[in-house]
Engineer: 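Sharing a structure here in structure tokens format.
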Amino acid sequence: QVKPLYSQLQCYVRGKLEKKYPGKMPKDGTIPAHITGNMWAQDWSALYPLVQPFPGVSGVDVDAALKKQKYTPEKMVRSAEDFYKSLGMPALPASFFERSQLVRPRDRDVVCHASAWDTNLEGDVRIKMCITPTEEDFRTIYHELGHIYYYLAYNNLPPLFQAGAHDGFHEAIGDTVQLNLTPAYLHRIGLAGAPKESEKAVINAQMQLALEKIAFLPFGKLIDEWRWGVFDGSIAPQNYNAAWWQLRQKYQGVSSPIPRSEEDFDPGAKYHVPANTPYMRYFLAHILQFQFQRSLCEAAGFSGPLNECSVYGNKQAGEKFWAMLGKGGSQPWPKTLKELTGSEQMDASAIIDYFAPLKRWLEAQNAGKDCGWQG
Ligand code: X8Z
Ligand code: ZN
């Protein structure tokens with residue numbers, strides 16, 4: 001369902017890169033992973049200045065605003081907390097602020113990959129991050145608090161039920177909230193100017209989000225395909241790195257910047273591989289979060305295009321969300337999904353609807369181009 005949209009995005013971005021680096025791009029239609037500006041080419045947001053559909057039409061620069069307003073890590077967390085509170089959810093416990101690691105310690109080396117914990121299954125919730133005043137970290141905090149609010153919501157269930165409906169639900173909560181960080185919301189909290197309401201501004205905003213959420217999809221799929229291949233032996237140790245890059249090329253249409261060999265172990269640079277954290281959860285979350293958002297927007301009585309909805313401050317949406325979180329792992333996930341969305345199926349119709357304007361625009365831009373890559 002989502003591959004055609006990804007292919008259009010990959011094709012458009014590659015075209016822009018070809019213009020910027022004439023004669024330097026691989027001939028097989030792939031994008032060298034490093035020029036996406038992300039170590040894993042899993043988030044292409046850094047390319048936004050290059051691929052912005054309508055330059056000069058309202059760009060939201062959250063990075064600059066955070067720095068200019070001297071946002072501290074705690075202030076960034078308070079901003080995310082405020083969003084959840086606006087939905088009627090509780091304030092974070094004081095212990096959260098006392099015991100979380102929000103900044104990189106000065107005296108020792110730590111793992112800085114963001115994570116969220118309920119350390120005692122009784123509400124001693126904490127996050128572990130090394131927050132800097134960037135848009136990426138700002139958005140990641142909203143993601144981590146999704147885990148924290150899920151922990152709090154199912155805290156009074158028996159320990160065995162203190163879990164997400166499935167892993168993908170856990171990853172989708174904060175991501176759903178991220179979908180509400182619209183230009184209008186960012187303006188409301190003072191991190192962006194007054195939003196321009198034009199079709200061009202909508203396409204710009206969609207491109208910005210797609211570089212994060214659509215670019216991620218094939219990456220989200222391939223990590224566990226590689227891990228499961230390792231576990232069942234179909235990927236042998238002498239083939240670990242080659243198999244990794246084959247999947248990268250096949251699904252993402254990206255290639256390694258320089259030749260690699262089995263002397264290298266590139267999968268090891270992705271946190272979840274050495275940490276043995278399953279990854280399919282993020283792929284599922286990227287589909288689910290749009291289903292969740294559609295239901296929350298319906299609960300809020302919103303009837304416009306899904307991509308223009310923000311449920312900030314909406315108690316009806318919040319109640320529905322909180323009720324779902326409170327079910328934790330106490331019943332089969334399709335039942336929980338049905339209670340929120342009316343359907344027992346995970347499906348991509350919501351993400352497709354959401355990005356329909358961008359897809360139309362990309363198809364028009366790519367018309368006549370030779371899209372696709374050798375996989
Ligand atoms: O690992 C994470 C979160 C912690 S659960 C920061 N994410 C994946 C990643 O960074 O690879 C969120 C998006 C995908
Ligand atoms: Zn997470």
Side-chain angles (χ1 to χ4, degrees), residues 2 6 33 36-46 73 76-77 80 83-84 100-104 110-119 125-132 134-154 162-179 181 208-227 244 247-248 251-252 254 266-290 292-293 325 328-329 351:
V2 288
Y6 179 74
T36 62
N38 173 280
M39 262 231 335
W40 307 275
Q42 70 180 69
D43 178 342
W44 298 359
S45 301
M76 290 164 74
V77 176
F83 194 109
Y84 288 85
S100 286
Q101 179 203 286
L102 301 186
V103 293
R104 183 191 290 272
V110 298
V111 173
C112 278
H113 190 88
S115 56
W117 308 86
D118 181 354
T119 60
V125 291
R126 314 176 191 186
I127 61 172
K128 179 160 173 266
M129 277 186 79
C130 302
I131 301 173
T132 56
T134 60
E135 177 169 23
E136 189 179 355
D137 282 1
F138 187 69
R139 295 178 69 82
T140 299
I141 295 167
Y142 284 71
H143 173 93
E144 295 306 325
L145 289 199
H147 292 301
I148 296 292
Y149 276 96
Y150 213 168
Y151 295 144
L152 293 175
Y154 59 56
Q162 292 200 32
H166 70 46
D167 295 352
F169 279 63
H170 233 299
E171 297 304 335
I173 309 308
D175 277 21
T176 303
V177 170
Q178 281 179 353
L179 297 180
L181 307 188
Q208 208 161 3
L209 194 67
L211 291 172
E212 180 187 349
K213 305 275 186 192
I214 301 298
F216 179 81
L217 292 168
F219 182 81
K221 169 138 177 41
L222 76 85
I223 303 298
D224 270 358
E225 202 163 315
W226 184 86
R227 291 175 71 248
W244 172 261
L247 290 168
R248 300 267 275 162
Y251 287 113
Q252 290 184 277
V254 305
D266 297 318
K270 182 65 205 163
Y271 166 81
H272 303 73
V273 171
N276 198 27
T277 307
Y279 211 79
M280 192 52 77
R281 55 185 61 179
Y282 302 105
F283 178 76
L284 296 177
H286 275 65
I287 305 296
L288 272 175
Q289 61 192 260
F290 292 89
F292 290 176
Q293 175 71 356
L325 300 182
I351 187 172

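Counting convention: from 1, in listed order, for ligands and their atoms alike.
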Engineer: Any atoms of ligand 1 less than 4.0 Å from a non-hydrogen atom of H147? List them with their elements.
Structural biologist: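 In order of number, 5 (S).
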
Engineer: Aromatic rings F216 and H286: how do their planes relate, parallel, tilted or perpendicular, breaks at 30° and 60°?
Structural biologist: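 Rings of F216 and H286: parallel, as their planes differ by under 30°.
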
Engineer: For Y84 together with Y142, are the ring centres under 6.0 Å from each other?
Structural biologist: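 That pair fails the under 6.0 Å test.
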
Engineer: Which ligand 1 atoms are under 4.0 Å away from a heavy-atom of Q42?
Structural biologist: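 In order of numbering, the contacting atoms are 9 (C), 10 (O), 11 (O).
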
Engineer: Is the distance from the Zn ion (ligand 2) to some N, O or S atom of H147 under 2.8 Å?
Structural biologist: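 Short answer: yes, at least one N, O or S atom is under the cut-off.
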
Engineer: May I ask you to identify the nearest protein heavy atom to atom 10 (O) of ligand 1, giving residue, atom name and distance to one decimal place in Å?
Structural biologist: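 Nearest protein contact, heavy atoms only, for atom 10 (O) of ligand 1 is H113 CE1, 3.3 Å.
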
Engineer: Quick one: does Y279 get within less than 4.0 Å of ligand 1, heavy atoms only?
Structural biologist: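 Y279: in contact with ligand 1 (<4.0 Å).
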
Engineer: N/O of H143 under 3.5 Å from N/O of ligand 1, yes or no?
Structural biologist: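 No, H143 has no N/O under 3.5 Å of an N/O on ligand 1.
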
Engineer: Kindly say whether Y151 contributes a backbone atom to a donor-acceptor pair with the side chain of D118 at under 3.5 angstrom?
Structural biologist: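 Not a single qualifying donor-acceptor pair exists.
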
Engineer: Hey, does T140 come in under 3.5 Å of ligand 1, counting only N/O atoms on both sides?
Structural biologist: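 Between T140 and ligand 1 (N or O atoms, distance only) the closest approach is not under 3.5 Å.
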
Engineer: At less than 4.0 angstrom from any non-hydrogen atom of E144, what atoms of ligand 1 do you find?
Structural biologist: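 By the 4.0 Å cutoff, the relevant atoms are 3 (C), 4 (C), 6 (C).
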
Engineer: If I consider every N, O or S atom in H143, which one ends up closest to the Zn ion (ligand 2)? I only need its name.
Structural biologist: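 Of the nitrogen, oxygen and sulfur atoms in H143, the Zn ion (ligand 2) lies nearest to NE2.
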
Engineer: Please tell me whether E225 and Y251 have a donor and an acceptor in their side chains that are separated by less than 3.5 angstrom.
Structural biologist: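 The criterion, which ignores hydrogens and geometry beyond distance, is satisfied for Y251 and E225.
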
Engineer: In the structure I gave you, are the side-chain heavy atoms of I223 and F283 within less than 4.5 Å of one another anywhere?
Structural biologist: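 A side-chain contact is absent here, since even the closest heavy-atom pair is not under 4.5 Å.
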
Engineer: Among all protein non-hydrogen atoms, which one is nearest to atom 7 (N) of ligand 1, and what is the separation to 0.1 Å?
Structural biologist: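 Sorting protein heavy atoms by distance from atom 7 (N) of ligand 1 puts Y282 CE2, 3.5 Å first.
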
Engineer: Measure up the F169 and H166 rings against each other and bin them: parallel (under 30°), tilted (30 to 60°), perpendicular (over 60°).
Structural biologist: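 Ring orientation of F169 relative to H166: perpendicular.
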
Engineer: Any side-chain donor-acceptor pair under 3.5 Å between H147 and H143?
Structural biologist: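 The criterion, which ignores hydrogens and geometry beyond distance, is satisfied for H143 and H147.
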
Engineer: Main chain of R126, side chain of S100: is a donor-acceptor contact present, judged purely on distance under 3.5 Å?
Structural biologist: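 Not a single qualifying donor-acceptor pair exists.
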
Engineer: Looking only at N/O atoms, are K270 and ligand 1 under 3.5 Å apart anywhere?
Structural biologist: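 Looking only at distances, the answer is yes, because the N/O contact criterion of under 3.5 Å is met.
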
Engineer: What's the atom name of the N, O or S in E171 nearest to the Zn ion (ligand 2)?
Structural biologist: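 This turns out to be OE1.
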
Engineer: Which of the atoms of ligand 1 are close to E171, meaning less than 4.0 Å from one of its heavy atoms?
Structural biologist: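 It comes down to these atoms of ligand 1: 5 (S).
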
Engineer: Does a donor on one side chain and an acceptor on the other come within less than 3.5 Å for S45 and D43?
Structural biologist: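 Side chains of S45 and D43: pair found under 3.5 Å.
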
Engineer: Polar contacts were defined as any N/O atom of the residue lying under 3.5 Å from an N/O atom of the ligand; does this apply to H272 and ligand 1?
Structural biologist: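 H272 vs ligand 1: N/O contact under 3.5 Å present.
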
